[in-house]
There are 2 protein chains.
Amino acid sequence: MDQPVRHDSMRARNLALVLGEVSRGGPLTRAALAEATGLTKTTVSKLVGDLLDARMVTEAAAVRDGERGRPGVAVSLSGDHLGALGLEINVDYLSVCVMDLTRSVRLRRTQAVDNRYSISTDVARKLRKLALEAVDEAGLTIGGAVLAVPGPVDPARGLLHGAPNLGWRDIRPAELLDLPVPVAVDNEANLAALGELWFGSGAPDFLYVSGEIGIGAGLVFGGALFRGTRGFAGELGHVVVDPGGPPCRCGGQGCLERYAGQDALLQAAGLLPFGTDAEPVGGRGPAGIATLVERLRAGDGRALDACEQAGRALGVALISAVNLLDPGTIVLGGVFAPLFPWLSGPAARSLSRIGHAAPRLEVSAVGPDAASLGAAAQVIEQMIANPATHLSRA
Amino acid sequence: MDQPVRHDSMRARNLALVLGEVSRGGPLTRAALAEATGLTKTTVSKLVGDLLDARMVTEAAAVRDGERGRPGVAVSLSGDHLGALGLEINVDYLSVCVMDLTRSVRLRRTQAVDNRYSISTDVARKLRKLALEAVDEAGLTIGGAVLAVPGPVDPARGLLHGAPNLGWRDIRPAELLDLPVPVAVDNEANLAALGELWFGSGAPDFLYVSGEIGIGAGLVFGGALFRGTRGFAGELGHVVVDPGGPPCRCGGQGCLERYAGQDALLQAAGLLPFGTDAEPVGGRGPAGIATLVERLRAGDGRALDACEQAGRALGVALISAVNLLDPGTIVLGGVFAPLFPWLSGPAARSLSRIGHAAPRLEVSAVGPDAASLGAAAQVIEQMIANPATHLSRA
DNA sequence: GATATTAAGTCCATAACGTAGACTAAATCA
DNA sequence: TGATTTAGTCTACGTTATGGACTTAATATC
């Protein structure tokens, strides 16, 4: 931000401008790019030339749209050369994906592993193997990776402050991975929000609510994440729903997580005994939720009640979130996605008591690998925003 | 953001870089500026020349710090030419201040007026008169103005959505004022937060809580305001403290405002009857609060209880705010400032139940005209960030 | 089918700006 | 007094975008 502008950064900026336009606007001719960016045709031609040399864009066949005049040559992102790696460590699985510059997923690998109270170096070794195989197979030049972890992260220092469900504290996962590309680390909810941004409904401003064992939220504004001072923003799970409510492991009382977290839901539905670490009926995680959905479909009263209560609490927490953050819409993801038909009604009723227009509640359109998709997409976004660093004639 | 970079914008950017450094780092020689910005001495000299021509900076006498070598000429912001206007319309008063480029307040004018359920054009006329007199007297070239109003604003369109305590709805106050300079409009809490930023403790990241009739909050991040999608962010007053609590005029139940808003406080302390529009003992506004402070000092039990309750509720709301926004510190302003000794204890106790380290609670160091100071400072910041628009040789 | 028209893309001369290093100015040190 | 050191200016140069002329490749018109 407080860097001087020299000729080279001027060029870098304009290069990013052109590439960004290509990325957003699909295949465009040089003339259309000049129009869109406000640069002259001459300049655009030179910039596109550099991008072609760097294999970041390709020329398609001439565009003949039936108009008079010489047809333009469409320039579009090239998926053949550069790629990005998305990684995820979560409680029940490891996940890897390789994405090309066009944001197409080239390859996915998921490995079911129980990482509860695991040793971080072991997990890292497994993920490393998975990642290297995937990169090898995809055959792209990987420019970087982002790793999603289930806990608060300081992205600037790559520090995972703590992942309660893994039993990890103050770890630098990027160093453990030791991959031959730069690895950034971020929170799972944040990256799932980015996954929703790129592969979901397409809204540019929303609050993504990630229902997992804990409840997180990623706030996306104009296509960028809002992180807070220390990267702890979006801890929706510990918003107070009832100050006289039951105690929470965070030290507080009446946190949302105690009403709408996965364990609370399963307990209320009678699928998980009230001792925290017991094994639930139908298994924890996806399986437990699948059982819950079955019972909801069957009209089980206890299950329906559990969702009613959870939805209402979620709505109350969202009132606070809307008043403080003013998100465009609210997207429910994670385990809230399959439960959406039963949660959204009560949540919307709570939420509607807000003064001004309440934002819409939507289901996440992405799915369980939102975080690793978002992670890879984040790398791609960086590449498109900084094409100069990938130019061959550095 | 998606503008092409040409030679002129390159220059504009570097000009802003140099001026920003002068603004932050106090008087600096050209050599020191070259060091700080990363530009060459030649370039800095040329840029400083332009800034001198525009009378945005002045040269002081040579700096002789006892070192060897030719002494440098200190360049500092000039307070003699450009200035900014800060305006505020609030429930009990109108306020105007003129500030020069160095952020020194040149002139303040406050006029006590009861603006409850007033006619907007009348109020605008009074403020216009006050503003024109102030500008005339200050004798500076005014580059712009910002107006603080007590209600949610869309700053991009200059639209005040509603000011319940004034009885206004969907108004464009800048047009009513009809001043000969561009007038931007913003929320009072936001601008008070900026006032705190420039004239308070100096922290770059904090949540400013503005206790007035309503309770607002301005979130400052790295010296910039966070506004939310529609500019409604920071409505701390309607964060839910108790979902079973009393109804609020916003349509919700158990909002913070019902526990810690000025009227709620005065009512709980027995200084305001429970009919909303009755006249309180000792007067509403500052006078009412002054009476409350007196009673607190005297050890009045009802007053102490009122603050205890309000503080506790405030703390609960702040737990949610901290979890969602992750502010660096929390600054209490408005009527919360004089009540700080009695509020901060209970609030901090509620807040300390948060999992990770709770941010510090501080008193606002600014005072009641934080909003108009922040408004003027906002204009100055714009001028310093865009010096090219004020260059004579346009 | 030949020619005019239209639009895409390239070429070339020019202008703006920052850089690098030489140069001048003004102080302290010995 | 002269050497040294630092501030600031001057000059030649390189990079980049611009604007308009030019080339290319299509459609439209006769």
Side-chain angles (χ1 to χ4, degrees), chain A residues 3-18 21-22 27-53 57-76 387-388 391 393-394, chain B residues 3-18 21-22 27-53 57-76 387-388 391 393-394:
Chain A
Q3 288 289 83
V5 182
R6 277 179 271 262
H7 291 120
D8 54 347
S9 41
M10 175 161 131
R11 185 162 194 91
R13 181 79 185 71
N14 286 338
L15 219 35
L17 196 66
V18 167
E21 209 62 46
V22 171
L28 286 168
T29 65
R30 289 166 174 77
L33 282 169
E35 174 84 13
T37 57
L39 294 162
T40 59
K41 286 190 296 178
T42 311
T43 306
V44 169
S45 273
K46 274 191 281 188
L47 294 170
V48 168
D50 283 1
L51 292 172
L52 282 168
D53 287 349
V57 298
T58 36
E59 288 182 327
V63 177
R64 50 185 76 193
D65 43 2
E67 306 258 327
R68 288 171 77 136
R70 173 178 169 178
V73 178
V75 173
S76 50
L391 252 49
R393 46 146 218 165
Chain B
Q3 289 289 85
V5 182
R6 277 179 270 264
H7 291 124
D8 53 347
S9 41
M10 174 159 129
R11 186 163 195 92
R13 181 77 186 74
N14 287 338
L15 220 35
L17 196 66
V18 168
E21 209 60 47
V22 171
L28 286 168
T29 64
R30 289 167 174 77
L33 282 169
E35 175 85 11
T37 57
L39 294 161
T40 59
K41 287 190 295 178
T42 311
T43 306
V44 169
S45 273
K46 275 190 279 188
L47 294 170
V48 168
D50 283 1
L51 293 173
L52 282 168
D53 288 349
V57 298
T58 37
E59 287 182 327
V63 177
R64 49 186 77 194
D65 43 3
E67 305 258 329
R68 288 171 76 135
R70 172 177 169 180
V73 178
V75 173
S76 51
L391 254 47
R393 45 144 219 165

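Within every chain, numbering begins at 1; the chains are lettered A, B, ... in the order of the sequence lines, protein sequences first and strands thereafter.
The interatomic distance linking D8(A) (CG) with dA20(C) (P) rounds to 10 Å, in whole Å. The distance between atom CG of L391(B) and atom P of dA16(C), rounded to the nearest whole Å, is 15 Å. Atoms CG (L47(B)) and P (dT9(D)) sit 12 Å apart, rounded to a whole Å. Note: CG (L39(B)) to C1' (dG8(D)) measures 15 Å, nearest angstrom. Atoms CZ (R6(A)) and C1' (dC17(C)) sit 12 Å apart, rounded to a whole Å. Taking atom CG on L52(B) and atom C1' on dG8(D), their separation rounds to 13 Å, with Å as the unit. Separating the CE atom of M10(A) from the P atom of dT19(C) is a distance of 13 Å, rounded to the nearest angstrom.
The side chain to side chain donor-acceptor pair (under 3.5 Å) test applied to S9(A) returns no partner, not counting sequence neighbours. Applying the side-chain contact (heavy atoms from CB on, under 4.5 Å) test to A16(A) and every residue at least two apart in sequence or in another chain returns P387(A). In this view, T43(A) and T40(A) satisfy the side chain to side chain donor-acceptor pair (under 3.5 Å) rule, not counting sequence neighbours. A search for side-chain contact (heavy atoms from CB on, under 4.5 Å) contacts involving A32(B) returns L28(B), T29(B), not counting sequence neighbours. Under the rule for a side-chain contact (heavy atoms from CB on, under 4.5 Å), the partners of A12(B) that lie at least two apart in sequence or sit in another chain are A388(B). With sequence neighbours left out, P4(A) forms a side-chain contact (heavy atoms from CB on, under 4.5 Å) with R6(A), N14(B), L17(B), L39(B).
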field: Summary of protein contacts for nucleotides 8-15 of chain C, nucleotide by nucleotide, where a base hit scores B, a sugar-phosphate-only hit scores S (4.0 Å, heavy atoms)
entry: BBBBB--B
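Within the structure, a side-chain polar atom (N or O) of T43(B) is placed less than 4.0 Å from OP1 or OP2 of dT19(C). Here N14(B) reaches the OP1 or OP2 of dG18(C): one of its side-chain N or O atoms lies under 4.0 Å away. In terms of phosphate contacts, R11(A) brings a side-chain nitrogen or oxygen within less than 4.0 Å of OP1 or OP2 of dA17(D).
Pairs of residues two or more places apart, or lying in two chains, that qualify as salt bridge (Lys or Arg N to Asp or Glu O under 4.0 Å) and include a residue from residues 27-45 of chain A are R30(A)-E59(A).
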Between N or O atoms, less than 3.5 Å apart, protein on one side and nucleotides 28-30 of chain D on the other: list the pairs.
{"residue": "dA28(D)", "atom": "O4'", "partner": "R68(A)", "partner atom": "NH1", "Å": "3.2"}

side-chain contact (heavy atoms from CB on, under 4.5 Å) assessment of R13(A) paired with M10(B): CA-CA 11 Å; R13(A) 181 79 185 71; M10(B) 174 159 129; over 6 Å; no
task: Output, in order, the C-alpha distance, side-chain angles, deciding distance and verdict of side-chain contact (heavy atoms from CB on, under 4.5 Å) for D53(A) and L391(A).
output: CA-CA 8 Å; D53(A) 287 349; L391(A) 252 49; over 6 Å; no
